[in-house]
Amino acid sequence: MASEVELRRDVKRRLAELGIDPYPHAPKGAVTPVREVVRASSPGSAASVAGRVVGIRRHGGLVFFDLVDDGYRIQCSVSRGEVSRDLFDFFEKFVDVGDFVYVAGQVYYTKRGELTIAVSDLQLLAKALRSPPVKWGHRIVDPEVRYRKRYLDVMVTPQVRRIFEIRFRTIEEIRRFMWDRGYVEVETPVLQPIYGGAAARPFKTYVEALGEEWYLRISLELYLKRFIVAGFSKVFEIGKNFRNEDIDVEHNPEFTMMESYEAYADYNDIMKLTEELVGTVARRVLGTDVVEFPTGGEPVKINLSPPFRRTSLYDAFREFAGIDVESMPDDEVKEYLRKYSIRLTGGYDRGRAVVKLFDRIVGREYLIQPTFVTDFPRSSSPLAKPHRSRPDLAERFELYVGGMELANAYTELNDPELQASYFREEEERRRLGDLEAHPFDWDFVEALEHGMPPTGGLGLGIDRLVMVYAGVASIKEVIPFPMVKPREFEQKRG
RNA sequence: GGGCCCGUAGCUCAGCCAGGCAGAGCGGCGGGCUUUUAACCCGUAGGUCCCGGGUUCGAAUCCCGGCGGGCCCGCCA
């Protein structure tokens, strides 16, 4: 028995014998988006549309089929009694589910009350040699197919398409929000001689022209701050970061961040900016700032309208876990590290130990509603400015929603000599085996030496924000083509 | 990096525990049907049982190794 592809190739051959191009360059008539026909057409009016055939229901002399164009579906019918014999036979012999067609005809309502185009003219626009894997409107079950061939997932499942509509609208509205506040959207290099701005292992690459090993950026931070040094007061960038770390429901090696930097602002200003952004963009994209997010299987209502709860890291420990980490002796901190089997690379450091414990004990578990966690230990934040009244802390906050870290922000460190000394601490850590410690970036320090105004900066994880908006618990659901291992598929050729 | 689970027709899955002819529904193909919408009715084709090795008279089934995937844990400030 011939395979589907073979059968449809045969259809192509027979079309060619009749002098019909299965891949014409353009539709023969003007095309109206199906969306407009569905919204505005009245019975009796003419309509000409184009789309993919997603379902065919044959009743002898009458055939119903569904057309989908840009996410909108419309039913069409071909009646043997009302069209030429050629047109009816053409549809029967040559049109399959998956094909793109152009149709023209008159709009009417069926007995069941569905808006339908009575087709009087039809043109094949593109022959599909493979049909969709499942009927339109259904879900593909196999995750391998969903992620490897996302185009199929989006093609057949409107709910999946909806997630990506939310994603791209979110990015659009973030841009609008930032533009409206006078931020300039800039571009910084993806390929960098020294990576920085986060604690992560980088992807390495090789620049033939320079004969050097370079890196894919792990954050946007250090170059955006150079823009502030250069004299731009408000800048932002939305772009891909690359971290050579493991893949799970909250992490993809390639992910999208928005970072912004604003001169003459501190982390309190940035908190206001952040909550307004998260709430405003939600309302513009979703029409509401109350969303449902699955945590531990159960959907929880999350309210994204500002202001968000604010708590210091130490207070959050006390409030949610009943632990006073602030006054705890080092021995006891180490005991907690053992208890939660947390290993610190680069030697014991109280600040970094506390942050790791926080992630483990408090963040994921308790911070479901939007919460700003403020004032992290200074040693865990080498790019942030020390706290104005607490030298052991940094002016830093993280935003948690749904138990995920959504944003990270500082009053930026702008003292070049302090920055240099923090870089030296990081180098020492790297020497002690911390592969995620910051490399020393002399060029950045030199930029700071030229003077950077007091600045507030923000890093916002776009993928995770979209997870919250779309109400999905896996980052793979919001990344169009998540990273999956390549696989050799057998090509079935006839 | 550790643990658990999964891989059988284009798709969803049964068969595996307890070894003995490789199955169902959907989809495809053929036929019927002029108001259906997961249309319906009749018929029919379709298989590298993920790959390799082992045990056995005999392996989809049991054992070992590998590949791919999912979930959980660790890690990802």
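Just so it is clear, the values below take in all heavy atoms, side chains as well, and ignore hydrogens, waters and symmetry mates. Note that the structure is predicted; figures quoted are calculated from it, not measured. The chains referred to below are lettered A, B, ... by the order of the sequence lines, with proteins before strands, and numbering in each begins at 1.
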Asker: Looking only at the side chain of A:Tyr147 (C-beta and beyond, no hydrogens), which of the listed nucleotides B:rU36, B:rG70, B:rU12 gets closest?
Answerer: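 Looking only at heavy atoms from C-beta outward on A:Tyr147, the closest nucleotide is B:rG70.
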Asker: Can you tell me how far P of B:rC29 sits from CD1 of A:Ile56, to the nearest Å?
Answerer: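 Atom CD1 in A:Ile56 sits about 9 Å away from atom P in B:rC29.
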Asker: If you apply the rule side-chain hydrogen bond (donor to acceptor under 3.5 Å, both in side chains), what do you find for A:Ser131 with A:Glu4, and how did you get there?
Answerer: CA-CA 8 Å; A:Ser131 61; A:Glu4 176 182 61; 2.5 Å; yes
Asker: Give me the distance, rounded to whole Å, that separates B:rG53 from B:rA14 when you measure between the C1' atoms they each carry.
Answerer: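 Here B:rG53 and B:rA14 have their C1' atoms 28 Å from each other.
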Asker: So, for A:Phe94 and A:Lys127, which heavy atoms are closest and what is the spacing to 0.1 Å?
Answerer: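 Minimum heavy-atom separation between A:Phe94 and A:Lys127: O-NZ, 2.7 Å.
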Asker: In whole angstrom, give me the gap between the P atoms of B:rG31 and B:rC21.
Answerer: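 To the nearest whole Å, 36 Å.
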Asker: State, to 0.1 Å, how close A:Ala50 and A:Asp69 come at their nearest heavy-atom pair, and which atoms those are.
Answerer: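 Where A:Ala50 meets A:Asp69 most closely, the heavy atoms are O-CB, 3.2 Å.
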Asker: How about A:Thr157 and A:Arg146: does a side-chain donor come under 3.5 Å of a side-chain acceptor?
Answerer: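 No donor-acceptor contact under 3.5 Å links the two side chains.
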Asker: Is there a donor in the side chain of A:Glu477 and an acceptor in the side chain of A:Tyr147, or the other way round, less than 3.5 Å apart?
Answerer: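 A pair is found: one side chain offers a donor N or O, the other an acceptor, under 3.5 Å apart.
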Asker: Below 4.0 angstrom from OP1 or OP2 of B:rG27, is there any side-chain N or O of A:Lys135?
Answerer: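 True: A:Lys135 side-chain N/O within range (under 4.0 Å) of B:rG27 OP1/OP2.
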Asker: Rounding to an integer number of angstrom, what distance separates B:rG65 and B:rC71 when you compare their C1' atoms?
Answerer: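 B:rG65 and B:rC71 have their C1' atoms separated by 24 Å.
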Asker: Have a look at A:Arg112 and say if it touches a base, only the backbone sugar-phosphate, or nothing, with a 4.0 Å heavy-atom cut-off.
Answerer: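 The residue A:Arg112 makes base contact.
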Asker: Report yes if a side-chain nitrogen or oxygen of A:Arg57 is closer than 4.0 Å to either non-bridging phosphate oxygen (OP1 or OP2) of B:rA39; otherwise report no.
Answerer: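 For A:Arg57, the contact criterion (side-chain N or O under 4.0 Å from OP1 or OP2 of B:rA39) is met.
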Asker: Just N and O in the side chain of A:Lys149: are any of them under 4.0 Å from OP1 or OP2 of B:rC11?
Answerer: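 Answer is no, no contact under 4.0 Å.
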Asker: Could you tell me whether A:Asp10 and A:Arg14 make a salt bridge, using a distance below 4.0 angstrom between a side-chain N and a carboxylate O?
Answerer: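 The answer is yes: the pair qualifies as a salt bridge.
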Asker: Could you tell me whether the side chain of A:Glu245 and the main chain of A:Arg201 form a donor-acceptor pair under 3.5 Å?
Answerer: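 Answer holds: yes.
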Asker: Distance check, C1' atoms only: B:rU37 and B:rC5, in whole angstrom units.
Answerer: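 Nearest-Å result for B:rU37 against B:rC5 at atom C1': 38 Å.
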Asker: Assuming nearest nucleotide by heavy-atom distance, tell me which of A:Asp96 and A:Gly55 is located more 5' along RNA chain B.
Answerer: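 Looking at RNA chain B, the more 5' nearest nucleotide goes with A:Asp96.
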Asker: If each of A:Gln75 and A:Pro143 is mapped to the nucleotide of RNA chain B with the nearest heavy atom, which maps nearer the 5' terminus, i.e. the 5' end?
Answerer: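 It is A:Gln75 whose nearest nucleotide is closer to the 5' end.
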Asker: Can you check the A:Arg8 CZ to B:rG28 P distance for me, whole Å?
Answerer: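 Between P of B:rG28 and CZ of A:Arg8: 9 Å.
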Asker: Looking across every strand, which nucleic acid part, if any, lies under 4.0 Å from A:Asn408 by heavy atom: base, sugar-phosphate, or nothing?
Answerer: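 It contacts nothing in the nucleic acid.
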Asker: Using a cut-off of 4.0 Å on non-hydrogen atoms, how would the nucleic acid contact of A:Pro382 be classed: base, sugar-phosphate, or nothing?
Answerer: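 Touches a base.
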Asker: Take atom CG of A:Leu62 and atom P of B:rU36, then tell me their distance rounded to the nearest Å.
Answerer: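 Roughly 10 Å, once rounded to whole Å.
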Asker: Would you indicate which nucleotide in B:rC13, B:rA77, B:rG69 comes nearest to any side-chain atom of A:Arg396?
Answerer: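 The answer is B:rA77, which lies nearest to the side chain.
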Asker: When you compare B:rA38 with B:rC26, how far apart are their C1' atoms, in angstrom units rounded to a whole number?
Answerer: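 The answer is 9 Å between these two C1' atoms.
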Asker: Just to be sure I understand the rule, does A:Glu398 reach a base, reach only the sugar-phosphate, or reach nothing, if contact means heavy atoms closer than 4.0 Å?
Answerer: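 Sugar-phosphate contact only - A:Glu398 comes under 4.0 Å of backbone atoms but never of a base.
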Asker: Quick one: is B:rG68 close enough that its OP1 or OP2 comes under 4.0 Å of any side-chain N or O from A:Arg148?
Answerer: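 No, outside the criterion.
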Asker: With rounding to whole Å, what would you report as the distance between B:rG74 and B:rG15 at their C1' atoms?
Answerer: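 Result for the C1' pair: 38 Å, nearest Å.
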Asker: NA contact type, A:Ala200, heavy-atom cut-off 4.0 Å: base, sugar-phosphate, or nothing?
Answerer: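 Nothing: the residue A:Ala200, judged by heavy atoms under 4.0 Å, touches no strand.
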Asker: Separation of A:Glu250 atom CD from B:rC72 atom P, in whole Å?
Answerer: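 Between P of B:rC72 and CD of A:Glu250: 10 Å.
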Asker: Measure from NE2 on A:His138 to P on B:rG10 and round the result to the nearest Å.
Answerer: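 For the pair A:His138 NE2 and B:rG10 P, the rounded distance is 20 Å.
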Asker: Side-chain N or O of A:Arg360 versus OP1/OP2 of B:rG74: is the shortest distance under 4.0 Å?
Answerer: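 True: A:Arg360 side-chain N/O within range (under 4.0 Å) of B:rG74 OP1/OP2.
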Asker: With no hydrogens and no angle check, just 3.5 Å: does a side-chain donor-acceptor pair link A:Arg360 and A:Tyr336?
Answerer: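 No pair is found: no donor N or O on one side chain lies under 3.5 Å from an acceptor on the other.
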Asker: Is B:rG1 paired to anything, Watson-Crick or G-U wobble with both distances less than 3.5 Å, and if yes, which nucleotide?
Answerer: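 Answer to the pairing question: B:rC73, which forms a Watson-Crick or G-U pair with B:rG1.
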Asker: Pairing check on B:rC67: which nucleotide meets the Watson-Crick or G-U wobble criteria with it, both distances under 3.5 Å?
Answerer: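 Pairing partner, where one exists within any strand: B:rG7.
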Asker: In terms of side-chain heavy atoms of A:Asp246, which of B:rU37, B:rU34, B:rG74 is nearest?
Answerer: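 So the side chain of A:Asp246 is nearest to B:rG74.
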Asker: Taking donor-acceptor contacts at under 3.5 Å, does the side chain of A:Asp142 reach the base of B:rG69?
Answerer: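 Side chain to base: no pair present.
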Asker: Tell me: CZ of A:Phe64 to P of B:rC33, nearest whole Å?
Answerer: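 Atom CZ in A:Phe64 sits about 16 Å away from atom P in B:rC33.
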Asker: Provide, to the nearest angstrom, the distance between the CD1 atom belonging to A:Ile247 and the P atom belonging to B:rC71.
Answerer: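 Atom-to-atom, A:Ile247 to B:rC71, this comes out as 11 Å.
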Asker: What is the separation between atom CD on A:Glu4 and atom P on B:rC26, rounded to the nearest whole Å?
Answerer: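 Computing the A:Glu4:CD to B:rC26:P distance gives 18 Å.
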Asker: Would you measure the distance from the C1' atom in B:rC29 across to the matching atom in B:rA45 and give it in whole Å?
Answerer: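 B:rC29 and B:rA45 have their C1' atoms separated by 7 Å.
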Asker: Is it the case that the base of B:rU35 and the side chain of A:Glu114 share a donor-acceptor contact (distance under 3.5 Å, atom types as modelled)?
Answerer: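 Side chain to base: no pair below 3.5 Å.
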Asker: Using a cut-off of strictly less than 4.0 Å, decide whether A:Lys476 has a side-chain nitrogen or oxygen near OP1 or OP2 of B:rG70.
Answerer: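 For B:rG70, OP1/OP2 do have a side-chain N/O of A:Lys476 under 4.0 Å.
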Asker: Provide the distance between the two P atoms, one in B:rC64 and one in B:rA18, to the nearest whole Å.
Answerer: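 Going atom to atom, P in each nucleotide, I get 15 Å.
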Asker: Assign A:Gly351 to base, sugar-phosphate, or nothing according to its heavy-atom contacts below 4.0 angstrom with the strands shown.
Answerer: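 Nothing: the residue A:Gly351, judged by heavy atoms under 4.0 Å, touches no strand.
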Asker: Counting any heavy atom closer than 4.0 Å, what does A:Arg58 reach on the DNA or RNA strands: base, sugar-phosphate only, or nothing?
Answerer: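 Base: the residue A:Arg58, judged by heavy atoms under 4.0 Å, touches a nucleobase.
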